[in-house]
Amino acid sequence: MDQAVATSLNPAVDAKRFWATIERSAQIGVGRSGGLARVALTDADKQMRDEFCAWCRADGLTVTIDAVGNIFARRAGRDNTLPPVVLGSHLDTQINGGRYDGVVGVLAALEVVRTLNDHKMETRRPLEIAAWMNEEGARFSPPMVGSAAFAGVHTVDWVYARQADDGTTIGDELKRIGYLGTAPVGGRALDSYLELHIEQGPELDARNIPVGVVTHGYTAHGFIIDVAGETAHTGPWPMDKRKNALVGAAMLAVAVNDIGWKYHASGGKGSAARIHAWPNKPGILSDYAQFTGDVRHDNPATADAMRAEFMAAMADCAKRSNCEMKVFDEWHWGADIFDAGMVALVRETARKLGIPSMDIASQAGHDAYHMAKVTPTAMIFTPCRDGITHNNHEHTGIEQTLPGINVLLHAALARANRGGNA
């Protein structure tokens with residue numbers, strides 16, 4: 001969709017202004033060339049949070065921080081007794097992240113509000129922008145912690161206790177960077193939630209379609225497995241006596257990868273994401289390791305079967321490595337979770353604006369998955385080049401992104417101005 005078509009909409013977002021915020025974000029927490037390493041609750045994350053909050057206040061929004069560091073920026077409506085329409089995503093990135101994952105969604109929501117301000121347009125219901133804490137899970141596992149706490153999946157104390165590799169906790173770091181807020185976590189009425197996100201897949205880009213209407217999410221099962229072994233000298237200690245936790249964790253990595261390949265033809269995936277071991281030094285066998293991975297599939301029953309196969313494989317890996325293994329943590333998300341009316345609203349908004357769209361499944365996890373537990377929710381995907389994400393070569397452009405932001409704007413307007421008291 002070209003710029004001329006996009007700017008003929010009334011109202012339409014300011015492409016140049018929006019892209020300036022993206023470029024400013026790209027200067028904060030720079031990682032490898034072209035990318036970001038703005039992991040949650042680091043100094044770079046604090047800097048981006050500070051910048052975002054300053055932008056919101058300058059545009060007349062009321063900013064509040066909840067007790068797990070989620071940021072909410074509120075634009076008043078004509079009737080502030082009504083629950084707000086919330087737009088959002090996340091500002092943290094992977095350690096080798098791109099400039100757009102999550103960031104586009106938050107800054108698109110800011111551009112929606114700025115556009116309404118430009119046109120002096122009130123909405124019946126308030127609008128809120130949400131920037132969720134620790135979506136990526138790159139420093140503190142699991143992912144999507146802030147939105148999950150808001151949705152009641154985790155308690156505040158549980159969130160505070162999540163540890164990084166160096167033993168630092170979420171609670172420590174929220175306090176250190178000044179984002180240990182005082183607002184309650186969740187427990188309040190919302191009208192709805194809309195999240196715009198780059199697709200993180202190649203379908204929209206390959207088909208040259210600017211908007212993906214997300215109908216559902218792949219069912220995913222994630223897990224962290226603790227492996228207990230015993231230190232010993234790597235030289236003289238006999239193979240039959242070894243209890244090498246690093247080997248046990250490596251066996252789990254191979255097992256989940258094999259399961260992914262078994263279901264590859266039908267779109268299944270098995271991921272070995274991380275192994276942490278101690279002492280993890282030459283000359284000594286590790287007596288502790290922790291493995292993090294997941295399985296996912298579009299069919300919930302197949303995803304469940306893949307999880308069962310991994311758990312069976314864990315017992316075999318424990319026996320072959322002579323180690324003890326147990327599930328330290330486990331999480332699940334996805335399936336048919338989005339509100340049918342909200343999905344239809346996104347689809348119909350694109351149609352009315354003359355913007356091509358296609359129905360699409362989300363294969364990655366998003367904060368919207370947890371928000372769908374507590375309020376009617378939908379997602380809008382925009383293209384990213386070749387589907388490359390969680391990589392410093394992740395790329396998109398304003399021409400690919402602008403149509404989706406205008407759909408977000410008009411869907412939010414329709415939802416915020418509808419009749420009724422709900």
Side-chain angles (χ1 to χ4, degrees), residues 9 11 13 72 74-75 77-89 105 108-109 112-113 116 121-130 132 144 147-148 150-153 186-197 199 204 209-219 298 300 333-382 403-422:
L9 305 176
V13 299
F72 299 95
R74 184 180 178 98
R75 184 180 193 263
R78 290 192 301 274
D79 186 350
N80 290 308
T81 66
L82 293 174
V85 175
V86 182
L87 318 176
S89 195
V112 164
V113 167
L116 297 180
M121 295 180 69
E122 290 185 321
T123 56
R124 182 168 180 249
R125 291 168 177 76
L127 289 174
E128 285 189 16
I129 305 171
W132 303 106
M144 296 121 70
S147 56
F150 186 92
V153 175
R188 61 188 176 97
L190 305 180
D191 174 83
S192 52
Y193 178 74
L194 282 163
E195 180 167 347
L196 182 143
H197 206 284
E199 181 195 344
L204 294 176
I209 294 177
V211 168
V213 181
V214 183
T215 56
H216 64 286
Y218 271 43
T219 297
D298 196 24
W333 62 69
D336 189 14
I337 54 175
F338 296 127
D339 180 79
M342 291 289 290
V343 172
L345 171 63
V346 171
R347 190 185 294 116
E348 180 63 11
T349 300
R351 186 194 67 78
K352 286 180 177 178
L353 297 178
I355 296 173
S357 71
M358 62 176 282
D359 287 0
I360 194 169
S362 170
Q363 299 189 45
H366 299 286
D367 292 306
Y369 288 19
H370 288 305
M371 295 308 295
K373 297 178 174 73
V374 295
T375 194
T377 294
M379 290 192 74
I380 300 166
F381 276 174
T382 58
I405 303 176
N406 279 311
V407 171
L408 178 70
L409 165 64
H410 285 269
L413 270 173
R415 187 75 190 188
N417 285 330
R418 79 186 199 288
N421 296 319

Is a side-chain donor or acceptor of Ser192 paired with a backbone partner of Val85 at a separation under 3.5 angstrom? no

Could you report the tightest heavy-atom contact between His216 and Asp298, atom names first, then the distance? NE2-OD1, 2.7 Å

His366 NE2 to Ser147 OG distance, which is reported to the nearest 0.5 Å: 11.5 Å

Any side-chain donor-acceptor pair under 3.5 Å between Thr377 and Tyr369? no

Residues 351-359 side chain polar contacts: donor-acceptor under 3.5 Å, at least two apart:
{"residue": "Arg351", "atom": "NE", "partner": "Glu348", "partner atom": "OE1", "Å": "2.9"}
{"residue": "Arg351", "atom": "NE", "partner": "Glu348", "partner atom": "OE2", "Å": "3.1"}
{"residue": "Arg351", "atom": "NH2", "partner": "Glu348", "partner atom": "OE2", "Å": "2.4"}
{"residue": "Asp359", "atom": "OD1", "partner": "Arg347", "partner atom": "NE", "Å": "3.1"}
{"residue": "Asp359", "atom": "OD1", "partner": "Arg347", "partner atom": "NH2", "Å": "3.4"}
{"residue": "Asp359", "atom": "OD2", "partner": "Arg347", "partner atom": "NH2", "Å": "3.1"}

Between CD1 on residue Ile337 and OG on residue Ser362, distance to nearest 0.5 Å: 8.0 Å

For Glu195 and Ala368, indicate whether the former's side chain and the latter's backbone hold a donor-acceptor pair under 3.5 Å. yes

Before giving the answer on side chain to side chain contact (heavy atoms under 4.5 Å, CB included), spell out for Leu204 and Phe381 the whole-Å C-alpha distance, their side-chain angles and the decisive distance to 0.1 Å. CA-CA 8 Å; Leu204 294 176; Phe381 276 174; 3.8 Å; yes

Using 4.0 Å as the upper bound for N to carboxylate O, is an ion pair formed by Glu122 and Arg75? no

Taking all heavy atoms of Ala372 and all of Phe338, pick out the closest pair and write down the distance. CB-CD2, 4.4 Å

Note: Gly365 and Met144 closest approach over all heavy atoms is C-SD, 4.0 Å

Do His370 and Trp132 have side chains that get closer than 4.5 Å, going by heavy atoms? no

Quick one, Leu87 with Val112, criterion side chain to side chain contact (heavy atoms under 4.5 Å, CB included). Give me CA distance, side-chain angles, the key distance, then yes/no. CA-CA 9 Å; Leu87 318 176; Val112 164; 4.0 Å; yes

Ala414 and Leu345: which non-hydrogen atoms are nearest, and at how many Å? CB-CD1, 3.9 Å

Evaluate the side-chain proximity of Pro11 to His410: yes if any heavy-atom separation is below 4.5 Å, no if none is. yes

Looking at Ala109 and Leu408, what are the two nearest heavy atoms and their distance? N-CD2, 4.2 Å

In a check of side chain to side chain contact (heavy atoms under 4.5 Å, CB included) between Ile380 and each of Ile405, Val214, Val211, which one passes? Val211

Between the CG atom in Leu409 and the CG atom in Leu413, the distance rounded to the nearest 0.5 Å is 5.0 Å

A side-chain contact here means heavy atoms from C-beta on lying under 4.5 Å apart; do Val343 and Val213 qualify? yes

Can you check whether Leu196 reaches Ser89 side chain to side chain, under 4.5 Å on heavy atoms? no

Donor-acceptor pair, Asn417 side chain versus Arg124 backbone, under 3.5 Å? yes

Ile129 and Val113: side chain to side chain contact (heavy atoms under 4.5 Å, CB included), yes or no, with the steps? CA-CA 9 Å; Ile129 305 171; Val113 167; 4.0 Å; yes

Do Asp79 and Arg125 make a side-chain contact, defined as non-hydrogen atoms from C-beta onward lying under 4.5 Å apart? no

Could you check Leu194 against Met379 for side chain to side chain contact (heavy atoms under 4.5 Å, CB included), going step by step and ending with a plain yes or no? CA-CA 6 Å; Leu194 282 163; Met379 290 192 74; over 6 Å; no

Check: Ala412 main-chain N/O paired with Arg415 side-chain donor or acceptor under 3.5 Å: no

Can you tell me how far the CG atom of Leu127 sits from the CG atom of Leu116, to the nearest 0.5 Å? 6.5 Å

Hey, can you tell me if Phe150 and Phe72 have their rings parallel, tilted or perpendicular (30° and 60° cut-offs)? tilted

Look at the side chain of Tyr193 and the backbone N and O of Asp367, then say whether any donor-acceptor pair between them is shorter than 3.5 Å. no

